[in-house]
Every structure is written in structure tokens, then in C-alpha cells.
Number of protein chains: 2
Amino acid sequence: MQTSTRDRIVVAAARLLQRQGYVGTGIKQIAREAQATLGSVYHFFPGGKEAVAVAAIRHSGEEFAALLRQALDGEDDPAQAVTSCARRLAGDLRESGWIDGCPVTAAALETLGTDSEIQQVCAEALRGWERLVSDKLLRCGFSSQDARELATTVIGALEGAEVTAQVTRSEEPLLTVGRQLARLVRSYEARGLGLPAGSLGPETDR
Amino acid sequence: MQTSTRDRIVVAAARLLQRQGYVGTGIKQIAREAQATLGSVYHFFPGGKEAVAVAAIRHSGEEFAALLRQALDGEDDPAQAVTSCARRLAGDLRESGWIDGCPVTAAALETLGTDSEIQQVCAEALRGWERLVSDKLLRCGFSSQDARELATTVIGALEGAEVTAQVTRSEEPLLTVGRQLARLVRSYEARGLGLPAGSLGPETDR
DNA sequence: CTCTGAATAGAGCGTTCGTTTTAGCAAGGG
DNA sequence: CCCTTGCTAAAACGAACGCTCTATTCAGAG
């Protein structure tokens with residue numbers, strides 16, 4: 001066996017949660033999809049469905065963080081880095097047939113009223129992503145507060161645009177928001193303080 | 001009887017869908033909450049659960065549109081109008097104990113894979129809200145394309161910030177995004193063309 | 001009055017839910 | 001050899017699911 005049963009369960013659960021949400025995904029379905037049996041699932045996750053979901057969301061969160069980090073590091077200019085994130089998200093979303101959206105949103109919204117551990121894991125994932133954006137901006141010379149506020153905005157806007165893109169089955173919302181976010185970032189650079197040399201760049205829009 | 005049974009069903013379904021999503025809300029629960037019986041529900045909605053959800057989401061969409069319209073019309077400056085929306089959303093969200101979020105997001109995400117009519121209604125609601133913002137910007141002298149792109153961004157960002165605020169149980173994401181969106185809108189006004197007299201206003205930040 | 005159709009009320013259908021329980025299997029140390 | 005340990009397999013539990021069905025109530029038209 002190439003991958004461990006536990007890992008297969010986590011990966012399958014992550015994909016199913018991303019597509020169908022928490023209540024919409026059954027334990028038996030997860031087991032079937034992971035080519036495992038119900039006994040195995042409860043063996044590795046005595047905490048039941050919620051424990052599986054927590055592990056799966058944590059996994060998805062780290063996976064998305066890696067994607068984000070890659071897109072951010074691929075561009076020197078922070079504004080272009082943000083549009084690059086949006087383009088990447090749009091492309092992946094289209095490829096999946098508009099169904100593989102944000103891996104935490106659906107599960108988070110469903111478990112808000114409860115005192116589940118799930119929302120806590122979702123909050124950690126969100127904060128982690130904001131941290132990635134914030135660090136990138138700090139490295140580009142943004143002030144601590146500007147970086148934090150922009151990071152909240154970037155992650156929030158991408159999150160919302162992703163939902164809009166899924167519902168309308170179009171890349172346009174994500175691409176548009178990516179452009180506008182870049183403009184917002186540049187509005188800080190214009191009056192920026194202590195920016196590294198050359199960071200204002202050639203102002204190419206693509 | 002003050003309100004009709006049908007209306008009670010729609011209102012109860014709308015609130016439950018907003019809080020628990022589509023799969024998480026049962027027909028019997030809707031009937032109980034609406035002080036109706038299962039027979040009444042199927043009498044008014046022969047289409048079953050999905051038909052109830054469609055009517056409920058449509059209702060929620062119009063309700064939210066009214067809130068949006070009110071917040072937008074309350075301010076002359078479009079930038080301040082946007083922050084006003086964010087503040088209003090943040091306040092309402094806090095008052096509800098962080099559970100009454102966007103009325104369409106949860107239901108939309110859960111039914112994406114299916115060919116349900118629900119996602120279509122959600123798309124209509126989103127487009128309607130964007131239209132409200134876009135019209136406001138047009139009235140303030142923005143170009144057609146700028147208004148459209150900004151409207152997509154504003155609605156998307158508010159959507160995402162609302163989710164973030166719910167998950168982290170804090171008004172801060174919504175308020176921050178509201179501020180940044182205002183800045184983005186002003187970045188157009190600064191180089192704006194053909195703005196109505198006085199629309200640049202006194203530049204107060206609150 | 002009778003008749004009709006809208007509206008209400010709820011039992012019960014088959015299915016699936018999350019979970020528990022019991023049994024079976026292969027590997028390894030005594 | 002036995003016996004523990006880690007893991008798999010499957011049957012079964014009570015509860016809840018969406019939905020169908022029949023029975024009942026009630027208002028207004030003829």
C-alpha cells in the first residue's frame with residue numbers, strides 16, 4: 001500500500017468537505033471514497049465525524065497555504081503577487097468545474113452555531129493565510145498596520161470573490177477583484193515610505 | 001392569524017437556512033419553527049424542500065437588498081457609503097451572536113455540485129446586490145466599467161469579510177475591509193472625471 | 001342545507017445518518 | 001505454541017431524514 005489508510009481518509013474527507021460541506025458529507029461516504037472501512041475510520045479517529053473533519057480541514061488549510069505561498073513568492077511586486085493569487089484561484093476553480101472552492105468556508109459556516117472545534121480550526125487557517133500575505137507585504141516595506149489591514153482585506157476579498165465566482169460559474173469576479181486589490185496595494189506604494197529600491201517597478205498591469 | 005401560514009414558512013425557512021445551510025435544515029424543523037404542520041408546507045410548496053428553499057432565499061435576497069439600499073442612500077459620498085454598509089453588517093452580525101451571516105452563501109456553497117435551482121436564485125441575489133452598488137457609483141459619476149468592477153469587488157469583499165468576521169467572532173475584519181474599500185473607491189475619485197460638484201467632499205475619514 | 005376545494009393535521013413509508021459492537025486477520029515476542 | 005497488538009470488516013442500533021398518504025376541519029358557492 002502506497003499511502004497509509006489514515007492519510008487516505010484525511011485526503012478524501014478534505015475533498016468531500018470542500019465540495020459538500022460538513023453536514024452534507026457522511027462518514028460512510030468518506031470511508032468509501034478513501035477505500036477504507038467504517039471500522040478503520042473510527043479506529044484512527046475515535047472522536048468520530050468531527051475529529052475527521054478537524055484533521056481534514058487542517059490538512060486543507062496547509063495545502064492552500066502552500067499554494068498561496070507559492071503564488072506570493074513568484075512575484076516581487078506585492079500588487080502583482082495579489083493578482084497572481086487571484087488568477088491562480090480562478091484557473092484552479094474553472095478546472096474543477098466550479099466546485100472546488102475554499103476548503104474551509106463551507107464547513108465553517110455550517111458549524112457556526114455549534115460549539116464545535118471545527119470553527120476554531122477554520123479560524124486558525126484563515127489567520128494563517130492572512131499571516132502569509134501580511135509577511136509578504138512586510139518584506140516589501142509596508143508598515144505593520146498597513147500590512148495587517150491589507151492582508152485581512154486581501155484574504156477576505158479573495159474568499160468572497162471565490163464564492164461569487166462559483167455561484168456565477170465565471171472567472172470574472174476573481175480576476176476583477178484581483179485587479180482591484182492590486183490597485184489598492186499600489187495606492188499604498190504611491191505614498192509608500194521606506195520601500196526597497198525598484199519596488200515601484202515598471203507599473204505593467206499584467 | 002396575523003401573518004399567512006405561507007409567509008411564516010418562508011420567513012422561518014429563510015432564517016434557518018441562513019444559520020444552518022440547506023442540508024442542515026430539515027423540512028420538519030421549518031414547519032415546527034413556522035408553527036405550521038408538515039402538511040401545510042407540502043400544500044404550499046409541492047416542490048418540497050427545494051421549493052421552500054428557493055422561496056426563502058429569494059426572500060432573504062430582497063431583504064438584504066433593502067438593507068443595502070438603505071445604507072447606500074444614507075451617505076452622499078460613495079466611499080463613506082461603502083464603509084457604512086460594512087459597519088451596518090458588522091453591527092447586525094455582532095447583535096446576532098455571529099450566526100446570522102450572508103443569507104445565500106451557505107446554501108449556495110452546499111448545492112454547487114447539484115443542478116438545483118437554488119444556485120440560480122443565489123446568483124440572481126448576488127447580481128442584484130452588485131447592481132445596487134453599481135448604480136450608486138454611476139449616480140456619483142463613475143464610469144460604467146469602473147462602477148461595475150468596483151461593485152463586484154465591494155460585494156465580494158463584504159461577503160468574504162462577513163465570513164471571516166463570523167469565524168473569528170470579531171467585527172474587525174468587516175470594519176477593516178470597509179475602510180480599505182473606501183480607500184479603493186477614493187482612489188478613483190482622486191483621478192476622477194466628471195464627478196458632480198462637491199463629490200470629493202471634506203475627506204473626513206469617519 | 002349540500003357540495004367543493006383549500007388548508008391543516010399527523011401517521012408512516014423507505015432510506016440514510018453517526019455510532020457502537022463484535023468478529024476476523026496478520027505480524028511479532030514470549 | 002499462545003497471546004497480545006494494530007488494523008480491517010461488517011452487522012446492527014436508534015434517530016432523523018424527505019416525502020407520501022389519508023383523515024379532518026372549515027369557509028363560501030350553489
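In what follows, every chain begins at residue 1, and chains take the letters A, B, ... in the order their sequences are listed.
Remark: A:Arg183 is positioned above the aromatic ring of B:Tyr188, its terminal NZ or CZ atom under 6.0 angstrom from the ring centre and at most 45 degrees off the axis.
If you check every strand for non-hydrogen atoms under 4.0 Å, B:Leu38 touches a base. As judged by a 4.0 angstrom heavy-atom cut-off over every strand, B:Gly48 is placed among residues touching the sugar-phosphate backbone only. B:Gly26 comes within contact range of the sugar-phosphate backbone alone, with a heavy-atom separation under 4.0 Å but no base atom that close.
For A:His43, the side-chain atoms get nearest to D:dG6 when compared with the rest of C:dG10, D:dG6, C:dT19. Of the candidates D:dT8, C:dG18, D:dC19, D:dT8 carries the atom nearest the A:Thr37 side chain, counting heavy atoms from C-beta on. For B:Lys28, taking side-chain heavy atoms from C-beta onward, the closest of the listed nucleotides C:dT8, D:dT8, D:dC17 is D:dC17. Residue B:Tyr42 places its side chain closer to D:dT20 than to any other of C:dT8, D:dC7, D:dT20.
One atom, CD1 of A:Ile9, and another, C1' of D:dT8, lie 11 Å apart when rounded to the nearest Å. B:Phe45 has its CZ atom 12 Å from the P atom of C:dT8, to the nearest Å. In this structure, B:Ile30 places its CD1 atom 17 Å from P of D:dA16, rounding to the nearest Å. Here D:dA15 presents its C1' atom at 15 Å from CD of B:Gln29, a figure rounded to the nearest Å. Separating the CZ atom of B:Phe44 from the P atom of D:dC19 is a distance of 18 Å, rounded to the nearest angstrom. Rounded to whole Å, the distance from CD1 on A:Ile27 to P on D:dA9 is 17 Å. Atoms CD (A:Gln35) and P (D:dA9) sit 10 Å apart, rounded to a whole Å.
We find the CZ-CG distance between B:Arg87 and B:Asp92 to be 13.0 Å, quoted to the nearest 0.5 Å. Atoms CD1 and CD, on B:Ile57 and B:Glu63 in that order, are 13.5 Å from each other to the nearest 0.5 Å.
By the 4.5 Å heavy-atom criterion applied to side chains, B:Leu138 and B:Ser134 are counted as neighbours.
Between A:Ser40 and B:Lys49, the residue whose closest nucleotide on DNA chain D is further toward the 5' end is A:Ser40.
Distances shown here put a side-chain N or O of A:Thr5 below 4.0 Å from the OP1 or OP2 atom of D:dT8.
A:Gln20 and B:Glu110 share no side-chain donor-acceptor pair at under 3.5 Å.
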